[in-house]
Amino acid sequence: MRGPHNILRLIRTGATFERTGAMGAVLDAMEAPPRLRAAARIVGWPFRWMGYKGDPNLPPITRAITALGPAYIKFGQILSTRADVVGVELADQLRMLQDRLPPFPTDIAKSIVEADLGQPVDDLFSEFSEPVAAASIAQVHRARIRDSGQEVAVKVVRPGIGPAFRRDIDAFHFAARFIEVLSPSTRRLRPRDVVNHFESVVSGELDMRLESASASEFAENTKNDAGFDVPKPHWGLSSRRVMTSDWAEGLPMGDPVALIAAGHDVSHIATRVIQLFLQHALRDGFFHADMHHGNLKVAANGDIIAYDFGIMGEIDEYTRRVYAEILMGFIRRDYRRVARVHFEAGYVPRDRDEAAFARALRAVGEPIFGADANRISMANLLAYLFEVTERFGMRTQTQLILLQRTMVVVEGVARSVDPQLNIWDAAKPVVSDYIKSSLGPQALARDLAKAAQTVGRYGPLLPQMVEQALWDRAHPEEAQLNVIVPKPVVPTWLVALAFAGIGAAIGLGLR
Ligand SMILES: Nc1ncnc2c1ncn2[C@@H]1O[C@H](COP(=O)(O)OP(=O)(O)O)[C@@H](O)[C@H]1O
Ligand SMILES: [Mg+2]
């Protein structure tokens, strides 16, 4: 059943793009090779009549995608963060897609809550509102917990959306394979990776337990961040299809006039938005990757509240350190140093010319620093930086692209609140603090302690590993068979104890 269904879905997609006049624009934006163009037109054109008409008031691409349904809208939104795949122009158009749908009835939401939590809604909540917002995957109700009287937000997954998304994702996989077979040159664009990425994001959003887990980890990481708040999830009132969390009370970040009228210090708020985002990305390596206006509020006391943890970004510690050094190099306009860091990290192959690379970096940095303070953009800096590094043979990691795209959004939010904001001034203290704590002597001690702990953990196994290695060396013919375990000379437990002791001592000493 899958094959015919997928072919039909593919034809309907092509037909809808043809019918709405979006096909040409998409193929151009993706610089599709001739074979792929021909195939797309063959799939789409003769079947135009099968395509959805869509809303003629929308621009062609938005019109086609919206007509094809929620999975396509979501896919489009995620592609809008992948300018590396679809090009900057198409990414900008895709960003216009609105993930808003008519809500489903409150009674159905209540029956889902009841089925998942195993108790009638009226027993759990003393109030349960009509939906306050509805999107392709879930909708949100405002409620009050009966026992504690606390106000909460209850997010409920749309009925039937899981299977519907899975069917469409299946068709996307099919299309990706089809595109790769047809036009191997598009492998550079990694259509299959893109669909896999989409699938992992959507699976995360379809399972509210994962979103609750992200919320909880993020809240824990940021609990000491001044002026920042995250609604805590209520595990006992959450499940796969239901997420209950503290109600976030405040003014929408998207309404600067109301913020000013309420007496908030907008320039401070804008600075904090930038700083918090960088702090989460650099210090924790775990950042909110969907930080648009709709997911931020300002509480009466001026705290910034963030919610909606469907899309989070993660960056490993090594990459964070390297990038902090790179940013600092730019801030100090020391392009030689930025180049050095890239070479040392092995990001740029060693056979490239370091001086030429440093000059290319200067060409990225100088125009940005020469611009007016209120036009400087860190997101642009990163985008140009990735362009240069790719020219010098380095492939940018997906997580860094996600960071860069989120930075575009975060800068947009900050500027809309305070158009005069100087992003560098806001960023500098966070970057230099991070460098101090991650590259100074303290960091070295921490690294050593970690290494010692690891040795400590493997300690009990080490003597045996060493003996095995020595034995293998002395008896190569038997080592291949790997059947003989030699009898130890010193009792293993004694050596193990010694190693564990040394590991623990170093670990404790350095902590
Ligand atoms: N904890 C909360 N407190 C107050 N309002 C919330 C909360 N969570 C969600 N909302 C409201 O519901 C809307 C949609 O919720 P969100 O988690 O952003 O879902 P989506 O993934 O559909 O964007 C938000 O824009 C906000 O207005
Ligand atoms: Mg949201």
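Just so you know, ligand 1 is whichever comes first in the structure, and atom 1 is the first atom listed for that ligand.
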(Q) Would you say the Mg ion (ligand 2) has Tyr307 as a near neighbour, meaning an N/O/S atom of that residue under 2.8 Å away? (A) no
(Q) For His280 together with Phe228, are the ring centres under 6.0 Å from each other? (A) yes
Q.
Starting from atom 11 (C) of ligand 1, what is the nearest protein heavy atom, named by residue and atom, and what distance separates them?
A. Val140 CG1, 4.2 Å
Q: Of all N, O or S atoms in Asp308, identify the one at the shortest distance from the Mg ion (ligand 2).
A: OD2
Q. Evaluating non-hydrogen atoms only, which member of Ala135, Pro252, Ala133 is closest to atom 13 (C) of ligand 1?
A. Ala133
Q: If the plane angle is over 60° it's perpendicular, under 30° parallel, otherwise tilted; pick one for Phe75 and Phe172.
A: parallel
**Q.** Heavy-atom check, side chain of Tyr347 versus side chain of Thr319, under 4.5 Å
**A.** yes
Q: Just say parallel, tilted or perpendicular for the rings of Phe128 and Phe125, cut-offs at 30° and 60°.
A: tilted
(Q) Give me the residue, atom name and distance of the protein heavy atom closest to atom 1 (N) of ligand 1. (A) Asp246 O, 2.9 Å
Q.
Please list the nearest protein heavy atom to atom 27 (O) of ligand 1 with its residue and the distance rounded to 0.1 Å.
A. Tyr307 OH, 4.0 Å
Q: For the pair Phe218 and Phe309, name the ring-plane relationship: parallel under 30°, tilted 30 to 60°, perpendicular over 60°.
A: tilted
**Q.** Sub-4.0 Å heavy-atom contact, Lys297 with ligand 1
**A.** yes
Q: Quick one: look up the protein heavy atom nearest atom 2 (C) of ligand 1 and list residue, atom name and how far away it is.
A: Ala153 CB, 3.4 Å
Q: Tell me, please, whether Tyr52 has Arg12 positioned over its six-membered ring: NZ or CZ under 6.0 Å from the ring centre and within 45 degrees of its axis?
A: yes
(Q) Looking only at protein heavy atoms, which one is nearest to atom 21 (O) of ligand 1, and what is the separation? (A) Asp308 OD2, 3.1 Å
Q | Atoms of ligand 1 close to Ser245 [distance to a heavy atom under 4.0 angstrom, numbered from 1] | A | 1 (N)
Q | Donor-acceptor pair between Gln139 and His141 side chains, under 3.5 angstrom | A | yes
Q | the Mg ion (ligand 2) to nearest N/O/S of Asp290 less than 2.8 Å | A | no
(Q) Here's one to test your reading of the geometry: is the NZ or CZ of Lys232 within 45 degrees of the ring axis of Trp247 and under 6.0 Å from its centre? (A) no
Q | Protein residue, atom and distance nearest to atom 19 (O) of ligand 1, heavy-atom basis | A | Lys155 NZ, 3.2 Å
